[in-house]
Protein chains: 2
Amino acid sequence: MNIQLKFNMNDKLFLRDPEQSELGKKIILHSVQLIHQNGFEAFTFKKLATLIGTTEAGIYRYFENKHRLLIYLTAWYWSWLEYQVAFNINNIKDPTVKLKRVIKLLATTVENDSNTLYVDESILHQIIITEGTKAYLNKRVSEDNKDHLFKPYKDLCAVIGKMILDCNPNYKYPKSLATTIIEMAHFQNFFMNNLPSLTDFGQHKNEAEIVRFLEDLVFSSIKTP
Amino acid sequence: MNIQLKFNMNDKLFLRDPEQSELGKKIILHSVQLIHQNGFEAFTFKKLATLIGTTEAGIYRYFENKHRLLIYLTAWYWSWLEYQVAFNINNIKDPTVKLKRVIKLLATTVENDSNTLYVDESILHQIIITEGTKAYLNKRVSEDNKDHLFKPYKDLCAVIGKMILDCNPNYKYPKSLATTIIEMAHFQNFFMNNLPSLTDFGQHKNEAEIVRFLEDLVFSSIKTP
DNA sequence: TTTAAAAAGATAGTAACACTATCTTTGCAT
DNA sequence: ATGCAAAGATAGTGTTACTATCTTTTTAAA
């Protein structure tokens, strides 16, 4: 099978669609590398341009600024993850099993997806852990939200929220629990690797522990007493 | 009673102790205002200097850069909060009641503390919600962690983790649950105010709902079945 | 096959930002 | 009265975050 995944990205995310050209694809591919290497704060269009052999102005034709590029990358990631979830839970009836699959997907290192040629999902996953929240934790949220830039994130939350309700239709906080699962999958991973004394699984550095913590958290909460 | 609180801040947080001079206190007071107004990204030492009638160089004598200043503010906040926790749970025996107090402190708008003259805690609380995680979500974490810059945050987590263990000595993830409480108190607040469709209490904008969610989450998890 | 348009490359320029350096003045402690 | 630390004043540098314009290359329609 040689299938290629393509997500319909909100066209307010970019000035020119990066998926439509070689240069665009290079921008995505190498921005992921560069942000991963330097961190988002030290990442600049200048450095990216030099790396891929174009000019700053060239990058600016695709993205208004690096913040927009970050939002694009996060949006792409959440779209991709929603697809992974849909694929993984297909044919599964039991909502409990579904939720467990989701938790595993969120908290475990992603294996690279051969269906997307110019994105390295495992590095992107690392970026989302460290930089993902910066996409919305700023003064422009409301504005960006009006342009529906966070729709993929919201969609995934909605999907997870629905699963939670399927487990227990009386549970009161399905959406908040969904965001808790997502954000904590990432935060616990970050803490485990960088501030291990903040977690209960510092020494092993084992993602399976995060999965167990999240499963315990989620299923204790939603099960009817 | 006219008491003044003073926290011993790690002296790697600054170049010159801002609490020791009028200018230093002005820097703290007005940086809080300015970050709150503009967001951390748009905040610059130039703007701060103009606002308080000094020069950029003047600010640089106190803080290496704006990131260090952010770490200072977060460290101060967590120290202050740990004190608030200690004060609030004094004489309370029941660890369940203690935990409830902590959740309330974390998830509720702080009333301004008249014991600290040059910090506006309620605005600082708002800043910590939006900018707090940026103190550690970056490439310098490990380095900064070696200098113990995150100790106040860690200390508070340890205190909360201990309470959790007091509730149930067999609970396996006290530290991870502690960070979950802290971070989710803030994230749910941010979502409620900025991306309400991600929460289950969007329309009311009521912090009491966040408290209820967190209490449900925490006590479902730690209670033995 | 020519023609035009869109995309990319090349180059330049600007205001703001993130600092560093140095020199002078002020205040206060001995 | 002297000395020293803090603060003020001023200047300068390299980088960042753009915007503008002009030329060349690629692509796609006439």
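Residue numbers start from 1 in every chain, and the chains themselves are labelled A, B, ... in the order their sequence lines are given, proteins ahead of strands.
dA17(D) atom C1' lies 17 Å from atom CZ of F63(A), rounded to whole Å. To the nearest angstrom, C1' of dA18(C) lies 14 Å from CG of L69(B). Protein atom OH of Y60(A) is 4 Å distant from nucleotide atom P of dC18(D), rounded to whole Å. At whole-Å resolution of the value, CD in E64(B) and P in dC19(C) are 8 Å apart. Across the protein-nucleic acid pair, L15(A) atom CG and dA20(D) atom C1' stand 15 Å apart, rounded to whole Å. The interatomic distance linking N65(B) (CG) with dT16(D) (C1') rounds to 16 Å, in whole Å. Atom NE2 in H67(B) sits roughly 19 Å away from atom P in dC17(C) (whole-Å rounding). Nucleotide dA7(C) holds its P atom 11 Å from the CG atom of D17(A), rounded to whole Å.
Using a 4.0 Å heavy-atom distance criterion, K47(B) is classed as a sugar-phosphate-only contact.
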Look for any protein N or O under 3.5 Å of an N or O in nucleotides 3-10 of chain D and output each such pair with its distance, or none.
unit_1: dA7(D); atom_1: OP1; unit_2: S21(B); atom_2: OG; d: 3.2
unit_1: dA7(D); atom_1: OP1; unit_2: Y62(B); atom_2: OH; d: 3.0
unit_1: dA7(D); atom_1: OP2; unit_2: R16(B); atom_2: NH1; d: 3.0
unit_1: dA7(D); atom_1: OP2; unit_2: Y62(B); atom_2: OH; d: 2.4
unit_1: dG8(D); atom_1: OP2; unit_2: T54(B); atom_2: OG1; d: 2.9
unit_1: dG8(D); atom_1: N7; unit_2: R61(B); atom_2: NH1; d: 3.3
unit_1: dG8(D); atom_1: O6; unit_2: R61(B); atom_2: NH2; d: 2.8

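Checked by atom type, the side-chain pair N145(B)/K151(B) shows no donor-acceptor distance below 3.5 Å. Judged purely by distance below 3.5 Å, without hydrogens or angles, the side chains of T116(A) and Q4(A) never pair a donor atom with an acceptor atom.
Looking at residues two or more places apart in sequence or on another chain, you find a side chain to side chain contact (heavy atoms under 4.5 Å, CB included) between E41(A) and E131(A), K134(A), N138(B).
In summary, the aromatic rings of F14(B) and Y62(B) are positioned with their centroids too far apart to meet the 6.0 Å limit. Ring centroid separation for the pair F191(A) and Y136(B) comes in under the 6.0 Å cut-off.
Residues from residues 133-141 of chain A that place a heavy atom under 4.0 Å from any atom of DNA chain D: there are none. For DNA chain C, no neighbouring residue in residues 31-40 of chain A is found when judged by any heavy atom under 4.0 Å.
Taking side-chain N and O atoms only, K66(A) has no distance below 4.0 Å to OP1 or OP2 of dC18(D).
The CG atom of L73(B) sits 13.5 Å away from atom CH2 of W80(B), with the distance rounded to the nearest 0.5 Å.
Residue F7(B) comes nearest to E19(B) through the heavy atom pair O-OE2, 3.7 Å, listed as atom of the first residue, atom of the second, then distance. Contact detail for E82(A) and D155(A): the closest heavy-atom pair is OE1-CB, 3.4 Å. Closest of all the heavy-atom pairs between A75(A) and P152(A) is O-CB, 3.5 Å.
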Would you give me the side-chain donor-acceptor pairs under 3.5 Å for residues 43-55 of chain A, sequence neighbours excluded?
unit_1: T44(A); atom_1: OG1; unit_2: K47(A); atom_2: N; d: 3.1
unit_1: K47(A); atom_1: NZ; unit_2: A42(A); atom_2: O; d: 2.5
unit_1: T50(A); atom_1: OG1; unit_2: K46(A); atom_2: O; d: 2.9
unit_1: T55(A); atom_1: OG1; unit_2: G58(A); atom_2: N; d: 3.4

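Relative to the axis of its first five pairs, the axis of the last five pairs of the helix from dT1(C)-dA30(D) to dT30(C)-dA1(D) sits at 10°, rounded to 10 degrees.
The pair D144(B)-R140(B) does not meet the salt-bridge criterion, since no charged nitrogen lies less than 4.0 angstrom from a carboxylate oxygen.
Listed for the T74(A) side chain is a donor-acceptor partner under 3.5 Å among the backbone atoms of I71(A).
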Practice prompt. Tell me, with the steps shown, if H186(B) and H125(B) meet ring-ring contact (aromatic ring centres under 6.0 Å, His included).
Written response: CA-CA 9 Å; H186(B) 289 172; H125(B) 178 231; 5.7 Å; yes
Worksheet item: Could you go step by step and tell me if Y72(B) and Y77(B) meet the ring-ring contact (aromatic ring centres under 6.0 Å, His included) rule?
Response: CA-CA 9 Å; Y72(B) 180 92; Y77(B) 181 78; over 10 Å; no
